[in-house]
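The structure under discussion appears below in the form of structure tokens.
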Amino acid sequence: MTPRGPDFFVVGAAKSGPTALDAYLGAHPDIFMATKEMHYFGSDLDNGPMFRPVSWDRYLDAFSDAGDAARAGECSPGYLYSKRAAEEIKAYRSDADIIAILRNPVDMIHAFHSHNVYVGDENIEDLEQALAAEPDRMMGRNIPRANQGVWGLLYRDVVRYHSQVKRYFEAFGRDRVHVMIYRDFAQDTPRAYRSTLEFLGVDTGFLPEFDILNANKRARIRTISALETTAEFRKVGVWNVVRRSAQVLLPSRAARQRLYGWIARMNTVYERRKPMPPDLRRRLQKEFAEEVTALGELLGKDLDFWIDTAQTATVPSGVLGEDD
């Protein structure tokens, strides 16, 4: 019997709620969600060891417990940014359904930079300086050792939604691409969730617990958070000594994992993200105005609130809070 694979994909965007949506969909009795962020497709993504695409057999094995679920899906936020993922997914399954969540590009950059600093992908803590470093990073310079994908440091490119969504429209047709706006998802999560269930053709009467997931985090010691998320980083320098010592003192892999989990929790502080400097926000809003207008025309949605320079922030209130 041919192994079952996914029939729908949550493609991103990063820091726009895909972690929450993945969990909410996975709670539905008619939906099976495989391991998040496998990134099997998107061969142009320069992912580091932690997120290197798995083999085809291992990829399909992640769906081995799907059973008789009506739908089976996976969530890899890099698929939206990738220039190849849409066509690669189409080559695998031309009738796949696609789900994307789009966030105000200025807020997304702010959240993505904060996340990258936390996990060790980013070594420039000041956002404006990180944006100024993009030309160097395009040339492969000033890349942190623990970085898991240089593409994630090209903040302006990551939020070029117009061309990203258009690739999926062209590959699958508009009827097979469900685009949500993050503000709508955050302000009325049950309604957005039901709309997604309707798109997938499953029971819309089921509602999970809409818990806050993936809230903004800060590492007390940034190197420890890099250790947690970067497999190769564990094999060098002082961390190699720590890893080997733990293996001797704690032969049980489960015990070591509990230790690493405790260290990660102790190293993590959950807090509201510091506001973006108003002048930087206004400059970025103006910079993305043309892009946002083009995207609004493509989607047939009014997205002017994304580029309203009178706004100092657009983080909505609702069940997701600062969930990113």
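These values consider heavy atoms only, across backbone and side chains, with no hydrogens, waters or symmetry-generated copies. In this text, all values refer to a predicted model and were calculated from it rather than measured experimentally. Residue indices begin at 1 and follow the sequence shown.
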Is there a donor-acceptor contact under 3.5 Å from the side chain of [X] to the main chain of [Y]?
X      : Y      : result
Asn116 : Gly152 : yes
Ser114 : Phe112 : no
Ser16  : Gly12  : no
His115 : His110 : no
Glu134 : Arg156 : yes
Arg194 : Gly205 : no
Asn147 : Asp121 : yes

Subject >> Qualifying salt bridge (Lys or Arg N to Asp or Glu O under 4.0 Å) pairs with a residue from residues 80-89, counting only residues at least two apart or across chains >> reply: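 Checked against salt bridge (Lys or Arg N to Asp or Glu O under 4.0 Å) - neighbours excluded - no pair reaches residues 80-89.
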
Before accepting this row, confirm whether a basic side-chain N of the pair [X]/[Y] lies closer than 4.0 Å to the acidic partner's carboxylate O.
X      : Y      : result
Arg93  : Asp95  : yes
Asp184 : Arg191 : no
Asp22  : Lys36  : no

What I'd like to find out is whether the side chain of [X] reaches to under 4.5 Å of the side chain of [Y], using heavy atoms alone.
X      : Y      : answer
Pro208 : His28  : no
Arg283 : Arg281 : no
Asp203 : Leu197 : no
Asp97  : Arg71  : yes
Val11  : Ile99  : no
Asp175 : Phe169 : no
Leu102 : Leu295 : yes
Phe206 : Asp30  : no

Can you tell me how far [atom2] of [Y] sits from [atom1] of [X], rounded to the nearest 0.5 angstrom?
X      : Y      : atom1 : atom2 : result
Ile31  : Leu200 : CD1   : CG    : 5.0 Å
Arg103 : Tyr182 : CZ    : OH    : 4.0 Å
Thr293 : Leu298 : OG1   : CG    : 12.5 Å
Glu198 : Thr196 : CD    : OG1   : 10.0 Å
Cys75  : Leu25  : SG    : CG    : 9.0 Å
Ile98  : Lys90  : CD1   : NZ    : 11.5 Å

**OP:** Test ring-ring contact (aromatic ring centres under 6.0 Å, His included) on Tyr92 and Trp56 and set out the steps.
**Re:** CA-CA 11 Å; Tyr92 157 68; Trp56 179 241; 5.5 Å; yes

Closest contact, heavy atoms only, [X] versus [Y]:
X      : Y      : value
Leu45  : Gly78  : CD1-O, 3.7 Å
Val158 : Gln164 : O-NE2, 3.1 Å
Pro105 : Val292 : CG-CG2, 4.0 Å
Asp7   : Ala70  : OD2-O, 4.3 Å
Ala34  : Met38  : CB-CE, 3.8 Å
Pro18  : Val10  : CB-CG1, 4.3 Å

Subject >> Working for side-chain contact (heavy atoms from CB on, under 4.5 Å), residues Tyr24 and Phe185 >> reply: CA-CA 12 Å; Tyr24 301 158; Phe185 185 33; 4.0 Å; yes

Subject >> Pairs satisfying side chain to side chain donor-acceptor pair (under 3.5 Å), at least one member in residues 72-82, at least two apart >> reply: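 Listed by first then second residue: Asp44-Ser82, Tyr59-Glu74, Glu74-Ser76, Glu74-Tyr79.
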
Original post:
Do Tyr193 and Phe210 have ring centres separated by under 6.0 Å?
Top reply: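 Yes, the ring centres sit under 6.0 Å apart.
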
Subject >> Aromatic contact, Phe41 with Phe9 (centres under 6.0 Å) >> reply: yes

**OP:** Answer yes or no for Arg183 and Phe305: cation-pi contact, defined as NZ/CZ to six-membered ring centre under 6.0 Å and angle to ring axis within 45°.
**Re:** yes

Original post:
When you look at CD of Glu287, are more than 12 heavy atoms from neighbouring residues, nucleotides or ligands closer to it than 6.0 Å?
Top reply: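 It does: Glu287 CD has more than 12 such atoms within range.
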
**OP:** Taking atom CG of Asp68 as the centre, report whether more than 12 heavy atoms of other residues, nucleotides or ligands fall under 6.0 Å from it.
**Re:** no

**OP:** Could you check His113, Glu122, Arg137 and say which one makes a side-chain hydrogen bond (donor to acceptor under 3.5 Å, both in side chains) with Tyr155?
**Re:**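 When side-chain hydrogen bond (donor to acceptor under 3.5 Å, both in side chains) is applied between Tyr155 and each of His113, Glu122, Arg137, only Glu122 qualifies.
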
Original post:
side-chain contact (heavy atoms from CB on, under 4.5 Å) between Tyr40 and Arg58: does it pass, once the steps are laid out?
Top reply: CA-CA 10 Å; Tyr40 179 82; Arg58 284 192 61 192; over 6 Å; no

Subject >> Candidate pair Lys15 and Ile109, rule side-chain contact (heavy atoms from CB on, under 4.5 Å), full reasoning >> reply: CA-CA 9 Å; Lys15 310 314 296 177; Ile109 285 175; over 6 Å; no

**OP:** Please report the C-alpha distance between Met276 and Leu127 in whole Å, then the side-chain angles of each, then the deciding distance to 0.1 Å, and finally whether the side-chain contact (heavy atoms from CB on, under 4.5 Å) criterion is met.
**Re:** CA-CA 8 Å; Met276 183 185 296; Leu127 174 57; 3.7 Å; yes

